[in-house]
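Have a look at the structure below, then the notes.
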2 protein chains.
Amino acid sequence: MATDHPDLTTRTRDALRASQLYYLQDLTMEAIAHELGTSRSSVSRLLSHARETGLVDIRVRSPREMPNILERQILETFGVTAHVVPVPDHTSDVDRLERVALSAARMLGEYVDSNSTLGVAWGATVSAVSRHLIPRAVHDTQIVQLNGAGNLTSTGIVYASEILRRFGEAYNAQVQQFPVPAFFDDPLTKQALWRERSMQRVLALQEHLDVALFGVGSPFAEVPSHVYSSNFLDPDDVVSLQEQNVVGDVATVFYRIDGSTDGISLNDRGSGPAFDVLRRTPRRICVVSGAARLASIRGAIAAGLITDLYVDEGTARLLVASHDDTGIGRASVR
Amino acid sequence: MATDHPDLTTRTRDALRASQLYYLQDLTMEAIAHELGTSRSSVSRLLSHARETGLVDIRVRSPREMPNILERQILETFGVTAHVVPVPDHTSDVDRLERVALSAARMLGEYVDSNSTLGVAWGATVSAVSRHLIPRAVHDTQIVQLNGAGNLTSTGIVYASEILRRFGEAYNAQVQQFPVPAFFDDPLTKQALWRERSMQRVLALQEHLDVALFGVGSPFAEVPSHVYSSNFLDPDDVVSLQEQNVVGDVATVFYRIDGSTDGISLNDRGSGPAFDVLRRTPRRICVVSGAARLASIRGAIAAGLITDLYVDEGTARLLVASHDDTGIGRASVR
DNA sequence: AAGTGAACTGCACATACGTGCAAGATGAAC
DNA sequence: GTTCATCTTGCACGTATGTGCAGTTCACTT
């Protein structure tokens, strides 16, 4: 009779019933406690549990007649489906990131189906998203790491694998790690390793994703992204990126503001998927916040990497304005 | 810039933003009030508004691994998709009805799409449902009245049309009234009227519904359904129903416990759709509560009228038990 | 059998929330 | 411009809800 551990089943059953009574019949928690023969505080906790585990699914749907203006402008200008997260302008960058990640995490379930494959990068943004995922009952789903995370001081497994683990847990999915350094010292090593069958297997998965999830790295902002810290790149590398007008990276692949990657030497040593591979993924979701990332977003859009963009309101506004200023960005996806 | 009345648009926009902040970012109403520059109580009202108008969509999903036992049993036994509404056993029939109707109303949106046609009967149950509908932004939807509502003391327009109006409002739909008596005195009048083109139009719509919604009438319960009151039927009629072993009606068409209708004289004079017409509707949703309706449900299931059943827990239990007792009911739909 | 840690419970308190009410705003009618 | 009806707002209050804590249960060790 039990599907799971015997009392887990009871807990879920109670949570389900409490949710029906609370959200579908508008009873108070007090009344529900009485019906279930428990205390009101337990009901409160049952309901929290139900929300966290996705038993209760709350979504906010902007009516088609009245889409967010910024979202419409971004779609028209850049051909990207935007989800603008309302955030007051004076918010700190940390809060901004957290709020965008929270919103994105709650909508991510929409993209995940049974038998689908989800590629995830790692980084501060994706990590924040991973902390707020709402579980969804799907099966035969796979989570694939998009790029290596090893650096000079650690194999990077703990940090990146923690992110992946959360995704795997939320979607009841099998996790495919990608245990390679973020950047190789020698491009030949990368090429050699890429020919290994164990790597080929992961690489093949990366080429047939249904959904890809990533942030964008921003090299020269006041608060540079994780990747640009000295644990990953030499000072020389950083200089060369600067000289080559790099404005950002997606999964450790660098690009310029026009989306081009040609001649960026570091990309021969990075572990992320080449853009023409990534672009084969039907849904490519980018989560990003903060004005400092503007140029990075612009570049990623120009490179045609993004189909769905989760972004805070202020940055969205800058994005739209930047197009009015310069006219760049039209030659993009879709 | 405005899509609707200028301030209605603002209200909706604020409600939308408040909903995102509250449900997607977990801010308190106080914080939202601050961001929107209004009072906390206004935010509370905005959120109520958002829920009532379907801007916020809350659903409770029972995980596939753990469906309600009664629902599974009903599906296996009767071939009907059941939605069992949890209600404590000591609840009064009035509350029971209200709670089932509330739950059903909130799920009804699932069945309604753009360009679809929804047929609704009238009665205490459907009326209760109509009072709790959650609007849904669809277009080119039609609501069609299934059976006439005129009786000896009124044309019945006010009561039935109020129900229809609520459906029309919730789904932004055009409403097709059916201005005829519930029962004709003379079957020939009915036949004559049915040949009128104005009636033909409605009848044609009834034959091509996407969804039908109805309760079941119960004639001989302690609290008989509306239809069986003297305003609709003569004492003679009631006696004849009793003699012919009628256990219930769907949209003023009567049936026996085995689902048969042959030889029930009153059906020649009723205004509802014949069962073989009704059965052509792909989705046929029945909402019902209370043990007194058990035989009526059994008959409606046996007649193959129901694809989706919303029912209170106690009655669901009786329904399952009744099958174990008698073995009737297997020869049903699907 | 006693020990141990993790999970769960109800209590009590602090907070967050819903709502009647009166004042103010808005808009249509004259 | 005035009047009146209607809708909206913020306040204040009472109720509903979230959560730290201490006590308990329960499964699993030792």
Side-chain angles (χ1 to χ4, degrees), chain A residues 1-56 58 60 88 95 98-99 102 106 131-132 134-135 165 169, chain B residues 1-56 58 60 66 88 95 98-99 102 106 131-132 134-135 169:
Chain A
M1 182 170 283
T3 306
D4 218 338
H5 309 296
D7 64 330
L8 236 182
T9 233
T10 299
R11 185 176 167 73
T12 304
R13 209 175 284 285
D14 282 352
L16 191 59
R17 174 174 276 247
S19 301
Q20 291 178 293
L21 296 173
Y22 191 78
Y23 288 107
L24 260 27
Q25 297 185 27
D26 290 344
L27 300 203
T28 72
M29 296 187 185
E30 186 78 50
I32 296 170
H34 193 253
E35 285 199 18
L36 293 186
T38 182
S39 74
R40 191 186 50 70
S41 42
S42 293
V43 174
S44 172
R45 283 187 269 255
L46 276 180
L47 290 172
S48 298
H49 175 72
R51 284 188 300 266
E52 280 162 17
T53 57
L55 236 55
V56 173
I58 301 183
V60 178
D95 286 351
E98 199 62 23
R99 289 176 61 165
L102 191 50
R106 302 209 165 169
R131 257 178 275 117
H132 299 292
I134 292 181
R165 192 193 54 73
E169 195 167 75
Chain B
M1 181 172 283
T3 307
D4 219 336
H5 309 294
D7 63 330
L8 234 184
T9 233
T10 299
R11 185 175 168 71
T12 304
R13 209 176 283 286
D14 282 353
L16 192 59
R17 174 174 277 247
S19 301
Q20 291 178 293
L21 296 173
Y22 190 78
Y23 288 108
L24 261 26
Q25 298 185 27
D26 290 343
L27 301 203
T28 72
M29 296 187 185
E30 186 77 52
I32 297 169
H34 194 252
E35 284 198 21
L36 294 187
T38 182
S39 73
R40 191 184 52 70
S41 42
S42 293
V43 174
S44 172
R45 283 187 269 254
L46 276 179
L47 290 172
S48 298
H49 176 71
R51 284 188 300 266
E52 281 162 14
T53 58
L55 236 55
V56 174
I58 301 182
V60 178
M66 194 189 302
D95 286 351
E98 197 63 22
R99 289 175 62 164
L102 191 51
R106 302 209 165 169
R131 257 177 275 119
H132 299 293
I134 292 180
E169 195 167 76

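Remember, it's a predicted structure, so these values are computed and weren't measured experimentally. Residue numbers begin at 1 in each chain, while the letters A, B, ... track the order of the sequences.
Here the side chain of B:Ser42 is nearest to one of D:dG18, D:dT9, D:dC21, namely D:dT9. Side-chain proximity of B:Arg11 to the nucleotides D:dG18, D:dT19, D:dT8 is greatest for D:dT8. For A:Arg45, whose side chain is taken as the heavy atoms from C-beta onward, the closest listed nucleotide among C:dG10, D:dG18, D:dG10 is C:dG10.
As judged by a 4.0 angstrom heavy-atom cut-off over every strand, A:Ser48 is placed among residues making no nucleic acid contact. Among the atoms of the strands shown, base atoms are found under 4.0 Å from some heavy atom of B:Ser39. Base engagement by A:Ser44 is indicated by at least one non-hydrogen atom pair under 4.0 Å involving a base atom.
Distance A:His49 NE2 to D:dG18 C1': 17 Å, rounded to the nearest Å. If you measure from atom CE of A:Met29 to atom P of C:dA16, you get 15 Å, rounded to the nearest angstrom. Look at CG on A:Leu47: it is 15 Å from C1' on D:dT19, rounded to the nearest Å. Spacing between atom CG of A:Leu21 and atom P of D:dA16 amounts to 16 Å, rounded to whole angstrom units. Atom pair A:Asp26:CG and C:dC17:P shows a separation of 16 Å (rounding to whole Å applied). Rounded to an integer number of Å, the gap from CZ of A:Arg40 to P of D:dT19 is 12 Å. In this structure, the CG atom of B:Leu46 is 14 Å from the P atom of C:dC17, given to the nearest Å. Going from atom CZ of B:Arg51 over to atom C1' of C:dT19 covers 13 Å, rounded to whole Å.
For the pair B:Ser48 (side chain) and B:Ser44 (backbone), a donor-acceptor distance under 3.5 Å is present.
A:Tyr22 places none of its side-chain heavy atoms less than 4.5 Å from the side chain of B:Val60. Side-chain contact between A:Ile134 and A:Arg51 is absent, with no heavy-atom pair separated by less than 4.5 Å.
At C:dC17, one or more side-chain N or O atoms of B:Tyr22 fall inside 4.0 Å of OP1 or OP2 (strictly under the cut-off).
Separating the CD atom in A:Gln25 from the NE2 atom in B:His132 is a distance of 10.5 Å, to the nearest 0.5 Å.
Comparing B:Ser41 and A:Glu30 by the nucleotide of DNA chain D whose heavy atom lies nearest to each, the residue mapping closer to the 5' end is B:Ser41.
Taking a cutoff of 4.0 Å between a charged side-chain nitrogen and a carboxylate oxygen, A:Arg106 and B:Asp26 qualify as a salt bridge.
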